[in-house]
Enquirer: 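Take this structure first; my questions come after.
To find a chain, count down the sequence lines: A is the first, B the second, and so on, and within it residues start at 1.
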Amino acid sequence: VSAESASQKKEASPEEGRHDGYETLIVTTKNNITKIMFNRPDRKNAINHQMYREIIKALEEAGKNDSTIAVITGNGDYYSSGNDLNNFTNVQPGEMEKMAKDGAVLLKEFVGHFIDFPKPLIAVVNGPAIGICVTVLALCDLVYASDRATFHSPFSQLGQSPEGCSSYLFPKIMGLAKASEMLLFNKKLTAAEACAQGLVTEVFPDSSFQKEVWARLEAYASLPKNSLAVSKQLLRGMEKEKLHAVNSRECEVLTERWLSDECVNAIVSFFQKKSKL
Amino acid sequence: VSAESASQKKEASPEEGRHDGYETLIVTTKNNITKIMFNRPDRKNAINHQMYREIIKALEEAGKNDSTIAVITGNGDYYSSGNDLNNFTNVQPGEMEKMAKDGAVLLKEFVGHFIDFPKPLIAVVNGPAIGICVTVLALCDLVYASDRATFHSPFSQLGQSPEGCSSYLFPKIMGLAKASEMLLFNKKLTAAEACAQGLVTEVFPDSSFQKEVWARLEAYASLPKNSLAVSKQLLRGMEKEKLHAVNSRECEVLTERWLSDECVNAIVSFFQKKSKL
Amino acid sequence: VSAESASQKKEASPEEGRHDGYETLIVTTKNNITKIMFNRPDRKNAINHQMYREIIKALEEAGKNDSTIAVITGNGDYYSSGNDLNNFTNVQPGEMEKMAKDGAVLLKEFVGHFIDFPKPLIAVVNGPAIGICVTVLALCDLVYASDRATFHSPFSQLGQSPEGCSSYLFPKIMGLAKASEMLLFNKKLTAAEACAQGLVTEVFPDSSFQKEVWARLEAYASLPKNSLAVSKQLLRGMEKEKLHAVNSRECEVLTERWLSDECVNAIVSFFQKKSKL
């Protein structure tokens, strides 16, 4: 057990600046930084419906409070395995359409909060990231990654389609030739590849990741707060309307996908394989 | 003669799944993949007017048939040397304007079919690529290249101007500083450079190129077909209108170029140099 | 003293093709190239109000004259240290608003001339570049850099916000994850990093920089002139309206910044540190 994971464990215990009212997250504010930590480590920080709603709430709080920057990270070995596929199970046949529609409403609201977030938002990717957790990285202002991190968005494997504005932002960041490999053909990127393609700002050795990154974040949090906020709004402002339109369109397409035979069969197959392990 | 070129030669013979009605292409459908192969190897797969029309027809067929993906590649040593400059010769002085106008109509339709192609379109760049064959790569979803491939768009050298939506897509993919080098100043890229700049998805050693690439393509062709098609449409959808506008504008400018002294002189000079070799 | 710096010194003396009427620049036209050289080497080529106006005038002349391309570079060790912070001093308390408003009008006009420049514009970055001189590089068509060059835009450090269309173009070129590091968090890039991120076309060893670059520029200047101009306009044309809107918005935000306590305090602190050295 390294010094870093020891310090991470300490974060998980009650502490100064911890926000109340979260079960799937640990949210703290200290030294002008609000940290939103995914906290379902035994489920690889998969995002169930409750966790989507808690992340939305935490982003709202962090956007309004006095902190200069906000940080998203994961507790444990994973950053996050993305959408919890159990969100699809236990649905009665007659309720499939309601499930898909409600899921899309929640997803759209979730992604919308990343689009509208008013101050610098920094992802600290401590380990593997999958699906929706990869795509919304393109809506963060900085992405620091451990060299243990990987980036995987296996949409077509699951009969689904891209979300999180990735259908617009990934081609913009890395060009269609690289974006299609990830979004259509399920390519899993190493941290170094994700950095070369502009999805990640910088990669750090896992052994010094937390220490190096948090030293930087503390320095950033002491910069002029309003200057950072208006600068971020300038960079985001021109795109905001387009990003909301992309988000809506992606959620519409995904709703149809969730009700398709291709998707249902792919998810059934996923659970069958899992149960055989 | 390597195993790969032997297998390529086999492709050139009549075979299962071969589409009728093509003289300048070999078009086949097998294992959910429609392959469109440029087949004027003795002319470095230069595209004459017939070949433009046959590629348009092949894209229409591939877009409508049952295949999951479509692939474009070249027979022989070249991917394609681009627009056949013989398209400009044998034009009577009084017919220059008609030639330019007809050429622009054909080019616009050609590029338009890449913009509108409804399923994943993958370029397998087996060797040097020039001009229009380079620019429309940015309209393909994946670009796999042999390390023998080069990428050259010498528009200003020939008194011409960028087409294939490259004036919009190249700066978007690689930034203006790199795009101008290619599109204004005739820089020829190696496969590795084209990959670093996001025009190419991945480069393979020529000795294993066909084998490695086709193994991947067969895996891709077994993914959920509708999921791939709607995902591709999402990535392309937001851009489609803009791409058609860019295509129109580029064709207008190019028509003027074709009628300019700069262009006429540059093409005459090209053939004079060639005849001296 | 190398052969290159000797030849640079010679440029600073009266010579064939030198344009009249400049005090802060040396402007020459020779071999179809108009060269605009920043010439306040003792002030690290910092741009005071006179120099902004002279650059605007030089761009107007270069845009209209017979030269095929225009080149911007710096005399001495620096490319340019950016906006001269003395522009902010000697302002009477009651005149702050006027200073900010006038400064924004001048900046908007300055950047507008880069947006509208009608022929290829090439930056030859001979040394460190800071602030506005870094951001407008994204409006140049090619950027050649010595390996001595660095690229630094410390806006938030000075309580300010991005200009030169960088809030739009930097994320477009390099993705938000890299752009935010430069524009929000004051990261200084080496020439190699700036090249990897698409802001710079190519980096040269300082010892051969002038020789290699000018050999290329002379070759470029012999290409068909109209072909280059219309091709550049194609690449720029689709963006022009958007770039002007971004420029306006950035100047509005910056005017507010200049009047903010954060900015005033940061600039006072800058001069206090400097006077202690």
Enquirer: Any donor and acceptor pair, going by atom type alone, linking the side chain of A:Glu262 with main-chain N or O of B:Ser227 inside 3.5 Å?
Expert: yes
Enquirer: Name the region of B:Leu228, side chain, backbone, both or neither, that has any atom closer than 4.5 Å to a heavy atom of chain A.
Expert: both
Enquirer: To the closest 0.5 Å, what do you measure between CZ (A:Arg249) and CE (B:Met238)?
Expert: 9.5 Å
Enquirer: For B:Lys188, is the NZ atom crowded, meaning more than 12 foreign heavy atoms sit under 6.0 Å from it?
Expert: no
Enquirer: More than 12 heavy atoms of other residues, nucleotides or ligands under 6.0 Å from NZ of B:Lys44: yes or no?
Expert: no
Enquirer: What residue, out of A:Pro162, A:Gly198, A:Gly175, has the most heavy-atom pairs lying under 4.5 Å from chain B?
Expert: A:Pro162
Enquirer: Do A:Ser156 and B:Tyr220 have side chains that get closer than 4.5 Å, going by heavy atoms?
Expert: no
Enquirer: Kindly compute the distance separating CZ (A:Arg257) from OG (B:Ser231), expressed to the nearest 0.5 Å.
Expert: 7.0 Å
Enquirer: What are the two closest heavy atoms between A:Ser180 and B:Leu142, and how far apart are they?
Expert: CB-CD2, 4.0 Å
Enquirer: Can you measure from CE (A:Met182) to OG1 (B:Thr201) and round to the nearest 0.5 angstrom?
Expert: 13.0 Å
Enquirer: Name the region of A:Asn186, side chain, backbone, both or neither, that has any atom closer than 4.5 Å to a heavy atom of chain B.
Expert: side chain
Enquirer: Tell me, yes or no, whether the heavy-atom count around A:Glu97 atom CD, taken from other residues, nucleotides or ligands under 6.0 Å, exceeds 12.
Expert: no
Enquirer: Is the NZ atom of B:Lys240 crowded by more than 12 outside heavy atoms at less than 6.0 Å?
Expert: yes
Enquirer: Examine whether an atom of A:Phe170 lies under 4.5 Å from a heavy atom of chain B, and if so say whether it belongs to the side chain, the backbone or both; otherwise answer neither.
Expert: neither
Enquirer: Check whether any side-chain N or O of A:Lys172 sits under 3.5 Å from a backbone N or O of B:Ile173 as a donor-acceptor pair, and report yes or no.
Expert: no
Enquirer: Less than 4.5 Å apart, side chain to side chain, heavy atoms only: is that true for B:Ile122 and A:Phe185?
Expert: yes
Enquirer: Tell me if a side-chain donor or acceptor on A:Ser167 pairs with a main-chain N or O of B:Leu235 at a distance below 3.5 Å.
Expert: no
Enquirer: Determine, step by step, whether A:Lys187 and B:Glu202 satisfy the side-chain contact (heavy atoms from CB on, under 4.5 Å) criterion, reporting the C-alpha distance in whole Å, the side-chain angles of both residues, the deciding distance to 0.1 Å, and the verdict.
Expert: CA-CA 12 Å; A:Lys187 160 114 170 176; B:Glu202 191 172 338; 4.2 Å; yes
Enquirer: At a 4.5 Å cut-off on heavy atoms, which part of B:Leu199 comes close to chain A: side chain, backbone, both, or neither?
Expert: backbone
Enquirer: Between B:Ala138 and chain A, which part of the residue has a heavy atom less than 4.5 Å away: side chain, backbone, both or neither?
Expert: backbone
Enquirer: Does B:Lys57 have more than 12 heavy atoms from other residues, nucleotides or ligands lying within 6.0 Å of its NZ?
Expert: yes
Enquirer: Between atom CG of B:Asn226 and atom SG of A:Cys263, what is the distance when rounded to the nearest 0.5 Å?
Expert: 12.0 Å
Enquirer: Can you tell me how far NZ of B:Lys232 sits from CG of A:Leu176, rounded to the nearest 0.5 angstrom?
Expert: 7.5 Å
